[in-house]
Asker: 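Below is a structure I'd like to ask you about.
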Amino acid sequence: MQFLTGLNNAQQEAVLATEGPLMIVAGAGAGKTKTITHRIAHLLHKGIRGDSILAITFTNKAAKEMRERVHAIAQGSSSTPFVSTFHALAVTILREHAQKIGRTRHFSIADESNAMSYVKEAMKQEGIDPKQFEPKKIRHMISKLKSDGITPEGYADMVAGDFQAIVADVWLVYRDLLKNENALDFDDLICETVKLLDKNDDIRDSYRKRWQYVHVDEYQDTNELQYRLTKLLVGPERHLCVVGDADQNIYSWRGANMKNMLHFEKDYPGAKIVFLEENYRSTSNILTAANAVIEKNVMRVPKTLFTKAGEGEQIGLYHGADERDEASFVVGKADELIRGGVKPDDIAVLYRANFQSRIIEEACLHKNVPYQVLGTKFFERKEVKDMLSYVKAAQSRKNLADIRRIINEPTRGIGKVTMLKLFAGEELSGAVAKKIELFFALLDRIEAHLQDKPSELLLMIAKESGMQDALRNGDESDHERLENIYELIEVAKRYDDKPVEEALEQLLTDAALASDQDTLDGEKHGIRLMTVHASKGLEFRYVFIVGLEQGLFPHERLTNEKIDSEEERRLFYVAITRAREKLFLTYAEIRTVFGSRNFTVPSEFLSDIPPELIEQEEGHHERAGKIVYLDF
């Protein structure tokens with residue numbers, strides 16, 4: 001019974017419940033990953049084949065952590081469980097049946113910038129003025145409709161009003177543009193997988209036979225399509241284990257529906273429910289504050305987190321004169337902790353909106369405190385995308401978005417007029433035709449090396465395309481871009497040992513599906529700056545939650561007061577429960593937002609925390625006194 005070692009009674013109950021539907025209500029820091037891992041170990045111990053077990057998570061980081069744990073316990077097993085994110089699972093299924101959805105196996109995944117380009121092109125073809133109707137809003141609307149499981153044809157029958165009619169028209173053209181270029185956008189991955197399994201009984205049944213035991217992490221964050229995909233994958237034996245926490249549902253803006261969790265017993269009659277309420281992360285004071293905040297919500301599965309870790313320190317509260325004062329305190333305190341022996345990586349600063357990071361970055365630079373901002377994805381850097389576009393264009397000349405991207409990168413003297421003529425099928429002649437011929441000859445040479453190890457292929461592209469020389473002979477920023485290309489080649493080496501057919505495909509898939517949390521570089525030391533949304537699933541010894549003012553956190557953009565205000569409270573709950581040892585809360589009396597200085601009111605959330613848990617913090621710099629701004 002080694003798989004039960006180190007588990008509490010509730011965790012053991014979840015591990016041993018292997019047959020039929022099971023819902024594990026796991027509070028923050030309650031050891032849900034450990035529980036799932038040990039449950040899989042128990043299945044293997046019972047003689048269940050590893051390759052008949054599926055575990056689905058939401059982030060690459062969570063999938064990687066679970067995969068490593070599962071593989072460690074599955075040593076000696078003839079096969080290993082399949083651990084994946086929802087989108088990576090969808091890619092696996094779609095590549096195996098690409099022809100069924102009108103694509104080739106090497107279909108490309110359009111990132112957000114490419115998707116926006118397709119939307120703009122669709123608007124252009126429909127004669128819609130982008131100044132009158134914002135492309136970004138249309139793109140967001142299409143994405144939301146897809147997440148809700150609505151098709152372009154279905155939406156066209158529902159429209160009421162000019163804007164909806166325009167979205168319907170653009171969507172149909174947008175879909176055709178993607179198909180013509182052998183591409184799918186991020187939302188299509190789940191949409192097309194659901195349609196594939198729904199319409200093809202033989203394919204659906206083959207996956208049900210392949211994965212007889214299904215696990216879904218963060219079930220409260222599933223949207224309509226992810227919910228349907230889960231139901232399609234679960235066979236008649238109903239061996240489904242979902243893990244989640246309604247109190248951590250913070251993604252309704254991208255379609256997450258906590259009703260999927262609240263209605264689990266209705267969807268799967270006779271389901272077993274297990275509560276994990278013992279927290280192994282935070283001190284008692286932090287958990288008491290978190291419980292006091294979240295218990296005001298109505299839409300939740302009631303539970304109370306507890307810990308045996310002791311009371312711990314009180315929660316620090318700092319009232320800043322303005323955002324500079326606030327940032328000075330945060331960075332000053334962080335500097336003090338670092339000088340006292342705390343690793344910079346163990347400190348996080350969480351904020352509600354991205355714009356809040358700038359002033360904190362300035363303070364870090366001023367005090368020479370190392371920091372890392374979570375946000376800019378490595379795979380979204382221009383030079384990295386250029387390199388991968390060369391690969392995808394070499395795989396298929398139908399990948400016109402990738403060809404457009406690199407045909408004049410580095411500069412080859414191919415202008416926009418020439419590109420328009422080329423893609424319109426017009427005949428070219430003279431020097432221009434020669435340049436185009438040389439470019440496609442380059443793609444042919446790259447295609448001949450597609451069976452090389454990924455790192456060797458990318459090194460060849462860097463040299464043959466001229467990117468290496470162009471950046472090497474450029475300025476300091478060009479040298480940084482070249483370093484990023486070399487870093488991409490280093491990343492590619494992780495895939496060199498995989499079978500030739502899988503290596504390049506896996507690299508391109510991982511690049512397309514990279515998330516914000518993948519930008520955290522373990523080799524770069526510094527305090528972590530990130531939004532609360534991006535912090536989900538992470539934990540730190542010391543956490544600062546800044547900007548706790550009405551209108552900022554909770555955010556003022558509340559469209560439905562009852563539901564959205566509860567989500568803001570859940571978001572604050574998530575922020576609090578990232579802290580292990582010490583939590584700091586800060587707010588400013590005056591804050592400049594988009595150039596306008598405004599007096600603020602402290603967040604209502606602060607009054608929810610029992611006052612005996614809080615201690616007032618003093619500033620970490622000399623102040624001549626309180627700053628007062630007079631508005632004439």
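Atoms considered below: every heavy atom in the structure, side chains included; atoms not considered: hydrogens, waters and symmetry mates. Here, residue 1 is the first one in the sequence, and each next residue gets the next number.
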Asker: Using a 3.5 Å distance criterion without hydrogens, assess whether the side chain of Gln356 forms a donor-acceptor pair with backbone atoms of Ala353.
Answerer: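 Yes, the answer is positive, given that a donor and an acceptor are paired below the 3.5 Å cut-off.
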
Asker: What are the two closest non-hydrogen atoms of Thr304 and Asn291, and how far apart are they?
Answerer: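 Of all heavy-atom pairs spanning Thr304 and Asn291, the closest is CG2-ND2, 3.5 Å.
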
Asker: Which heavy atom of Leu197 sits nearest to which heavy atom of Arg204, and what is that distance?
Answerer: O-NH1, 3.1 Å

Asker: Let's go through Phe379 and Asp111 carefully: what are the C-alpha distance in whole Å and the side-chain angles of both, what is the deciding distance for side chain to side chain contact (heavy atoms under 4.5 Å, CB included) to 0.1 Å, and is it a yes or a no?
Answerer: CA-CA 10 Å; Phe379 289 109; Asp111 61 18; over 6 Å; no

Asker: Quick check against the 3.5 Å criterion: does Gln226 have a side-chain atom that pairs as donor or acceptor with the backbone of Asn223?
Answerer: yes

Asker: Output, in order, the C-alpha distance, side-chain angles, deciding distance and verdict of side chain to side chain donor-acceptor pair (under 3.5 Å) for Thr283 and Asn285.
Answerer: CA-CA 6 Å; Thr283 64; Asn285 282 339; 5.5 Å; no

Asker: Quick check for you: to the nearest 0.5 Å, what is the distance between Leu229 atom CG and Ile93 atom CD1?
Answerer: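 Rounded to the nearest 0.5 Å, the CG-CD1 separation comes out at 6.0 Å.
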
Asker: How far apart are the closest heavy atoms of Ala334 and Ile347, and which atoms are they?
Answerer: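 Taking Ala334 first and Ile347 second, the nearest heavy atoms are O-CD1, 3.9 Å.
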
Asker: Has Glu323 got a side-chain atom pairing as donor or acceptor with Ala588's backbone, closer than 3.5 angstrom?
Answerer: no

Asker: Between Ile576 and Ile315, is a side chain to side chain contact (heavy atoms under 4.5 Å, CB included) present by the stated rule, with each step listed?
Answerer: CA-CA 10 Å; Ile576 291 173; Ile315 296 168; 5.9 Å; no

Asker: With the side chain counted from C-beta on, respond yes when Phe540 and Ile527 share a heavy-atom pair under 4.5 Å apart, and no when they do not.
Answerer: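 No, too far: nothing below the 4.5 Å cut-off.
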
Asker: Restricting to non-hydrogen atoms, name the atom on Thr37 and the atom on Thr33 that form the minimum distance, rounded to 0.1 Å.
Answerer: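 Closest approach of Thr37 to Thr33, heavy atoms only: OG1-O, 2.7 Å.
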
Asker: Are Tyr318 and Phe584 near enough that their ring centres are under 6.0 Å apart?
Answerer: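 For Tyr318 and Phe584, the ring centres are not under 6.0 Å apart.
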
Asker: Using a 3.5 Å distance criterion without hydrogens, assess whether the side chain of Gln550 forms a donor-acceptor pair with backbone atoms of Glu604.
Answerer: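 Judged by distance alone, yes, a pair lies under 3.5 Å.
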
Asker: Hey, what do you get for CZ (Arg528) to CG (Asp346), rounding to the nearest 0.5 Å?
Answerer: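 With rounding to 0.5 Å, CZ (Arg528) is 9.0 Å from CG (Asp346).
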
Asker: For the atom pair CG (Asp185) and CD (Glu112), what is the distance rounded to the nearest 0.5 Å?
Answerer: 8.5 Å

Asker: Does Ser603 use its side chain to pair, donor to acceptor, with the backbone of Phe553 at less than 3.5 Å?
Answerer: yes

Asker: Got a donor-acceptor contact below 3.5 angstrom from the Asn8 side chain to the Ala10 backbone?
Answerer: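 Yes.
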
Asker: Can you confirm whether Leu571 sits close enough to Arg352 that some side-chain heavy atom of one is under 4.5 Å from a side-chain heavy atom of the other?
Answerer: yes

Asker: Given Tyr174 and Ile138, is the side chain to side chain contact (heavy atoms under 4.5 Å, CB included) satisfied, shown in steps?
Answerer: CA-CA 11 Å; Tyr174 171 78; Ile138 294 176; over 6 Å; no

Asker: Quick one: closest heavy-atom pair of Pro135 and Met116, and the distance?
Answerer: CB-CE, 3.6 Å

Asker: Who passes salt bridge (charged side-chain N to carboxylate O under 4.0 Å, His left out) against Arg210, sequence neighbours left out?
Answerer: Glu96

Asker: If you apply the rule side chain to side chain donor-acceptor pair (under 3.5 Å), what do you find for Lys385 with Ser113, and how did you get there?
Answerer: CA-CA 11 Å; Lys385 291 179 69 173; Ser113 62; 2.6 Å; yes

Asker: Salt-bridge test for Asp188 and Lys195: reply yes if a basic N is under 4.0 Å from a carboxylate O, no otherwise.
Answerer: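 Lys195 and Asp188: not salt-bridged.
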
Asker: Are Phe186 and Leu513 close enough that some pair of their side-chain heavy atoms sits under 4.5 Å apart?
Answerer: yes

Asker: Please examine the side chains of Phe605 and Glu568, heavy atoms only from C-beta on, and report whether any two atoms are closer than 4.5 Å.
Answerer: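 Sidechains of Phe605 and Glu568: in contact.
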
Asker: Of all residues at least two apart in sequence or in a different chain, which pass the side chain to side chain contact (heavy atoms under 4.5 Å, CB included) check with Ala512?
Answerer: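 Residues passing side chain to side chain contact (heavy atoms under 4.5 Å, CB included) with Ala512: Ile109.
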
Asker: Side-chain contact test, heavy atoms from C-beta onward, threshold under 4.5 Å: evaluate it for Val242 versus Thr222 and give yes or no.
Answerer: no

Asker: With side chains defined as the heavy atoms from C-beta onward, is the minimum distance between Asn260 and Tyr219 less than 4.5 Å?
Answerer: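 Counting from C-beta outward, Asn260 and Tyr219 do come under 4.5 Å.
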
Asker: What distance separates Arg103 CZ from Glu192 CD, expressed to the nearest 0.5 Å?
Answerer: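 Nearest 0.5 Å value for the CZ-CD distance: 6.0 Å.
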
Asker: List the steps, then state whether salt bridge (charged side-chain N to carboxylate O under 4.0 Å, His left out) holds for Arg139 with Asp187.
Answerer: CA-CA 11 Å; Arg139 162 68 186 140; Asp187 303 301; 3.6 Å; yes

Asker: Can Glu361 and Arg358 be counted as an ion pair, charged N to O under 4.0 angstrom?
Answerer: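 No.
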
Asker: Please report the interatomic distance CE(Met66) to NZ(Lys61), rounded to the nearest 0.5 Å.
Answerer: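 Atom-to-atom, Met66:CE and Lys61:NZ are 11.5 Å apart.
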
Asker: Taking the basic N atoms (NZ, or NE/NH1/NH2) and the acidic carboxylate oxygens, is any pair closer than 4.0 Å for Glu581 and Arg541?
Answerer: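 So Glu581 pairs with Arg541 through a salt bridge.
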
Asker: Taking atom OG1 of Thr151 and atom NZ of Lys146, what is their separation to the nearest 0.5 Å?
Answerer: 11.5 Å

Asker: For atom NZ of Lys382, is the number of surrounding heavy atoms from other residues, nucleotides or ligands below 6.0 Å larger than 12?
Answerer: yes

Asker: Taking the side chain as everything from C-beta on, heavy atoms only, tell me whether Leu89 gets closer than 4.5 Å to Leu233.
Answerer: yes

Asker: Is any NZ, NE, NH1 or NH2 atom of the basic residue among Lys259 and Glu224 found under 4.0 Å from an Asp or Glu carboxylate oxygen of the other?
Answerer: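 A salt bridge is absent here (no side-chain N lies under 4.0 Å from a carboxylate O).
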
Asker: Hey, is the main chain of Leu508 close enough, under 3.5 Å, to the side chain of Lys392 for a donor-acceptor pair?
Answerer: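 No, the answer is negative, given that no donor and acceptor are paired below the 3.5 Å cut-off.
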
Asker: Do side-chain atoms of Ser535 reach the backbone of Leu538 as a donor and acceptor pair under 3.5 angstrom?
Answerer: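 No, Ser535 side chain to Leu538 backbone: no donor-acceptor pair under 3.5 Å.
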
Asker: Please report the shortest heavy-atom distance between Arg300 and Ala246, naming the atom on each side.
Answerer: CA-CB, 4.2 Å

Asker: In this structure, are over 12 heavy atoms from other groups packed under 6.0 Å from His97 atom NE2?
Answerer: yes

Asker: Enumerate the side-chain hydrogen bond (donor to acceptor under 3.5 Å, both in side chains) contacts for residues 152-161, please, sequence neighbours excluded, ordered by first and then second residue.
Answerer: Glu153-Arg175

Asker: With side chains defined as the heavy atoms from C-beta onward, is the minimum distance between Tyr351 and Ser357 less than 4.5 Å?
Answerer: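 They are in side-chain contact.
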
Asker: Measure the acute angle between the ring planes of Tyr207 and Trp211, then classify it against the limits of 30° and 60° as parallel, tilted or perpendicular.
Answerer: parallel

Asker: Going through the checks in order, is the side chain to side chain contact (heavy atoms under 4.5 Å, CB included) test met by Thr592 and Ile359?
Answerer: CA-CA 11 Å; Thr592 302; Ile359 195 73; over 6 Å; no

Asker: If we ignore hydrogens and angles and just use 3.5 Å, is the side chain of Arg569 paired with the main-chain N or O of Ser565 as donor and acceptor?
Answerer: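 No, the answer is negative, given that no donor and acceptor are paired below the 3.5 Å cut-off.
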
Asker: If only atom types and distance count, is the side chain of His239 paired as donor or acceptor with the main-chain N or O of Pro21 below 3.5 Å?
Answerer: no

Asker: Just jot down the side chain to side chain contact (heavy atoms under 4.5 Å, CB included) partners of Ala309, sequence neighbours excluded, or say none.
Answerer: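 Side chain to side chain contact (heavy atoms under 4.5 Å, CB included) list for Ala309, sorted by chain: Thr307.
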
Asker: Applying salt bridge (charged side-chain N to carboxylate O under 4.0 Å, His left out), which residue pairs with at least one partner in residues 271-290 are found, sequence neighbours left out?
Answerer: Glu13-Lys272, Glu278-Lys308, Arg281-Glu539

Asker: Can you name the side chain to side chain contact (heavy atoms under 4.5 Å, CB included) partners of Ala26, sequence neighbours left out?
Answerer: Ile24, Lys32, Val243, Leu276

